[in-house]
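The structure appears right after this line, and notes come after that.
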Amino acid sequence: MAGERRQAPFAVVVVAAGRGERLGGPLRKAWIDVGGRPLWWHAACPFRDLPGCTGAVLVLHPGDLEAVAAEPARTWMAEAGLGRAVPGGASRQASVLAGVRATDPGARDVLVHDAARPLVARQRIEALLAALEGREAAFLAHRVPATVQEVGETGEVVETLDRRWLRMAATPQGGRRRRLLKLLERADRERVAVTDEAALLAWGGLAPLAVDDDPRNLKVTTMEDLQMARSLLAPADLRVGQGYDIHRLEAGGPLRLGGLDVPGEVHASGHSDADCLLHALADALLGAAGLPDIGERFPDSDPAFAGADSARLLGEVLEDLAGRSLRPLQVDASVLLERPRLGDLKARMRARVAELLALPVERVSIKARSHEGLDAVGRGAAVAAHCTVLLAGPGPATA
Ligand code: MG
């Protein structure tokens with residue numbers, strides 16, 4: 001069995017430096033949101049924690065390096081088991097060279113995988129690694145399901161090819177790190193362009209072995225592919241949660257709200273930092289997970305939570321959820337507050353909450369409204385928040 005075999009050390013390179021022009025839009029292909037995570041995250045996750053893996057390198061467009069050094073992408077890197085990010089080159093081949101160079105020299109093999117393939121099955125990666133026990137190079141490939149005709153310039157059949165001997169190369173592809181690196185460097189020097197590593201390894205005389213792949217391992221190239229990938233990666237179950245909190249307001253600012261200090265004349269009173277938006281959010285998350293509410297989880301009677309930063313309490317809740325394979329997908333919140341007016345702070349609060357949840361900012365909404373002079377909130381004596389969250393669990397089928 002594959003699991004009992006002693007795995008030779010191998011490294012992973014996920015290539016995400018392409019422009020993806022065929023998909024249009026301002027975003028680079030590898031950054032397209034699929035279920036709250038970029039495409040590269042989905043491509044990397046199936047390699048995470050595989051026995052023998054010495055580390056995974058993400059190759060990005062140089063313009064994207066800043067983004068992965070900041071949240072939420074830094075968290076996404078860690079979730080996907082990506083140890084470092086390096087800048088790619090002008091071509092795929094140059095990017096692969098940069099990635100392979102950045103891998104652990106102690107790895108015997110390197111697997112190169114396209115970020116545009118978010119659906120590779122872990123079991124197929126294991127089959128590829130098993131093939132590398134007997135060969136120096138191998139790649140995942142699809143058999144050709146229909147007859148292939150070679151045609152001339154005007155479309156007339158020149159030759160009917162025997163599809164038994166045809167394969168469509170997929171990724172991952174790879175082989176011995178030292179051989180692959182030397183070939184990439186030689187191709188670079190000699191200006192030899194190949195379209196993938198299997199072609200390169202074949203050029204180097206290694207006769208890479210085609211290992212049958214699962215047809216689900218599609219390459220996202222067109223909008224239709226993206227729709228297909230999204231439907232295949234759609235979470236198996238969705239959980240919704242709702243939270244509410246209210247705190248008394250007292251004289252003297254600032255007001256802690258949504259993980260920020262809101263300047264003004266008042267602050268909220270309470271046991272922790274009294275951040276009612278983060279409390280409503282934590283309760284919504286706990287509710288969606290079917291866990292006890294924050295009153296039980298972080299009791300007022302416990303001095304450990306006196307003056308506590310609610311962002312830290314939220315972090316604990318998120319860790320609990322992650323341990324249960326539950327991941328926030330979306331948040332919608334309303335803050336009820338008479339004064340101070342949030343104004344520009346609303347956008348900063350939205351960014352802060354997105355950062356705390358490791359979500360793209362587009363998946364977080366924070367609305368603010370006054371209570372028209374009615375009740376305690378309306379009189380300016382209290383601040384309240386409502387929050388609704390959507391969780392995914394137990395995560396993408398391939399992750
Ligand atoms: Mg509270």
Side-chain angles (χ1 to χ4, degrees), residues 239-322 324 326 328 330-342 345-346 348-359 364-371 374-391:
R239 322 262 181 105
V240 71
Q242 168 274 337
Y244 169 75
D245 195 24
I246 184 163
H247 280 258
R248 214 178 274 279
L249 290 177
E250 289 173 357
L255 167 67
R256 191 73 180 166
L257 195 63
L260 299 179
D261 283 327
V262 180
E265 309 292 303
V266 291
H267 71 277
S269 70
H271 189 61
S272 65
D273 65 4
D275 188 327
C276 92
L277 176 54
L278 292 195
H279 292 178
L281 172 57
D283 252 351
L285 292 166
L286 289 165
L291 292 169
D293 65 23
I294 53 168
E296 275 184 60
R297 175 73 205 259
F298 308 109
D300 277 3
S301 53
D302 189 336
F305 305 122
D309 179 359
S310 295
R312 186 172 67 78
L313 307 185
L314 182 67
E316 278 187 40
V317 168
L318 289 167
E319 264 176 47
D320 252 27
L321 263 54
R324 291 168 164 79
L326 294 167
Q330 194 203 333
V331 172
D332 185 21
S334 291
V335 172
L336 311 175
L337 179 65
E338 213 61 22
R339 254 177 311 277
R341 291 295 155 115
L342 295 180
L345 275 175
K346 221 163 53 169
R348 273 185 54 207
M349 209 172 275
R350 182 185 185 210
R352 176 67 180 141
V353 170
E355 182 186 348
L356 290 169
L357 295 171
L359 276 178
V364 173
S365 148
I366 295 176
K367 307 180 294 308
R369 61 184 310 123
S370 89
H371 249 203
L374 303 163
D375 71 25
V377 171
R379 287 196 310 276
V383 55
H386 292 275
C387 190
T388 303
V389 301
L390 188 64
L391 299 187

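Counting starts at 1 for both ligands and their atoms, following the listed order. Counting begins at 1 with the first residue of the sequence.
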Side chain H267, main chain A251, donor-acceptor under 3.5 Å:
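Yes, the answer is positive, given that a donor and an acceptor are paired below the 3.5 Å cut-off.
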Please list, in chain and residue-number order, the protein N/O/S atoms closer than 2.8 Å to the Mg ion (ligand 1).
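Listed by chain and number, the nearby protein N, O or S atoms are D245 OD2, H247 NE2, H279 ND1.
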Which residues pass the side-chain hydrogen bond (donor to acceptor under 3.5 Å, both in side chains) test with H271, sequence neighbours left out?
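Counting only residues at least two positions away or on another chain, H271 forms no side-chain hydrogen bond (donor to acceptor under 3.5 Å, both in side chains).
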Non-hydrogen atoms of L285 and P328 that approach each other most closely
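Smallest heavy-atom distance, with atoms named: CD2-CG, 4.1 Å.
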Which atom of A385 lies closest to which atom of A280, heavy atoms considered:
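Reported closest heavy-atom pair: O-CB, 3.6 Å.
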Quick check on side-chain contact (heavy atoms from CB on, under 4.5 Å): which of L257, V335, D332 does I366 satisfy it with?
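The residue from L257, V335, D332 that satisfies side-chain contact (heavy atoms from CB on, under 4.5 Å) with I366 turns out to be V335.
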Would you say S310 and D273 are linked by a side-chain donor-acceptor pair, where the criterion is simply a distance under 3.5 Å?
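Judged by distance alone, the side chains do pair up.
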